[in-house]
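What follows is a set of notes on a single structure, which appears directly below.
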Amino acid sequence: MPGQMVRWREFVDPARFERAAADFILAAAAEAIAERGAFRIVLAGGETPRPIYERVACAHADWGRWHVYFGDERCLPPDDPGRNSVMARSAWLDRVAIPASQVHVVEAELGPEAGAQRYAAAVSGVGPFDLVLLGLGEDGHTASVFPGGPWDRMAGANPADDDMAMPPVVPVFDAPKPPPGRISLSPGRLGDARRVLFVVAGAGKRVAVARWQAGDPIPASRIRPRGGVDVFFLDSARR
Ligand code: 6PG
């Protein structure tokens, strides 16, 4: 099974971390638009990306060519502040001129099964994403790919093959991070991307980062794009 190639960058200053991540996103967009006329990005959920999204929202970009997807979504009402899409809208998407038809929100209010079916239709035929943004949980999860999830239960002799064989969108019913009901792009679909950037912040993530660097098979290590992944880690306790 090919390993995961990881390029690590550690930060101690939040402003530098946020600026570096925002610059990474904008550079990926400029390149994709120049080469293919469009930029397809998958957004990370949780709280770490919020200040990064706020910085991106202040940039001058060719927003009409951006197409936005979500790595996962929580099964909550559409306007619930706990929704990853609500955070992304308030921090960024509602402040720039990306056409509404190009923001592909997960209809997670339908529940894991029905929402996953609808989202699978939205991402079918999209091809490799230009950039996938991901966070990291303290247990090593990413998006809603948690330890012991269907990916682990399905895993056979070669997890890489299993990941690609798995449906691109997976319903989650028992997430250890509330809410239990979620919808997630699968590890294989998250890794079907030209670039993957993990944004990780806080001393609470140190153990997960150390396990990852030691080669533990945490869920984040299952995201294996051909070009490797970039991880920006703000170890804020070291300031
Ligand atoms: C979610 C996210 C999840 C998140 C990590 C990190 O729905 O919660 O998709 O994978 O990225 O748990 O969350 P923080 O950035 O808030 O630490």
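We count ligands from 1, going down the list as the structure has it; atoms in each ligand are counted the same way.
The shortest N/O to N/O separation between L136 and ligand 1 does not fall below 3.5 Å. For K205, a nitrogen or oxygen atom sits less than 3.5 Å from a nitrogen or oxygen atom of ligand 1, counting backbone and side chain alike. For ligand 1, the polar-atom distance check finds an N/O of R74 within less than 3.5 Å of one of the ligand's N/O atoms.
Side-chain contact between W92 and R55 is absent, with no heavy atoms from C-beta onward closer than 4.5 Å.
Looking at atom 16 (O) of ligand 1, its nearest protein heavy atom turns out to be E47 N, 2.8 Å. Distance from atom 4 (C) of ligand 1 to its nearest protein heavy atom, with residue and atom name: K177 NZ, 3.8 Å.
Judged by distance alone, with hydrogens and angles left aside, the side-chain atoms of Q4 form a donor-acceptor pair with the main-chain N or O of A220 at under 3.5 Å. Not a single donor-acceptor pair under 3.5 Å links the side chain of E138 to the backbone N or O of A208. A donor-acceptor contact shorter than 3.5 Å is absent between the side chain of K205 and the backbone of G137.
The G135 neighbourhood of ligand 1 comprises atoms 11 (O), with distances under 4.0 Å to a heavy atom of that residue. Near H141, the atoms of ligand 1 lying under 4.0 angstrom from a non-hydrogen atom of the residue are 3 (C), 5 (C), 10 (O), 12 (O).
Listed here is the closest heavy atom pair of P219 and D139: CD-O, 4.3 Å.
One distance of note links CG of L185 with OH of Y119; it measures 5.0 Å at 0.5 Å rounding. Here CG of L26 is found 13.0 Å from CD of E31. Values are rounded to the nearest 0.5 Å.
Contact analysis puts A143 in contact with ligand 1, with a non-hydrogen atom separation below 4.0 angstrom. Distances from ligand 1 to the non-hydrogen atoms of R182 include at least one value under 4.0 Å.
By the criterion of a heavy-atom distance under 4.0 Å, both the backbone and the side chain of T48 are placed next to ligand 1.
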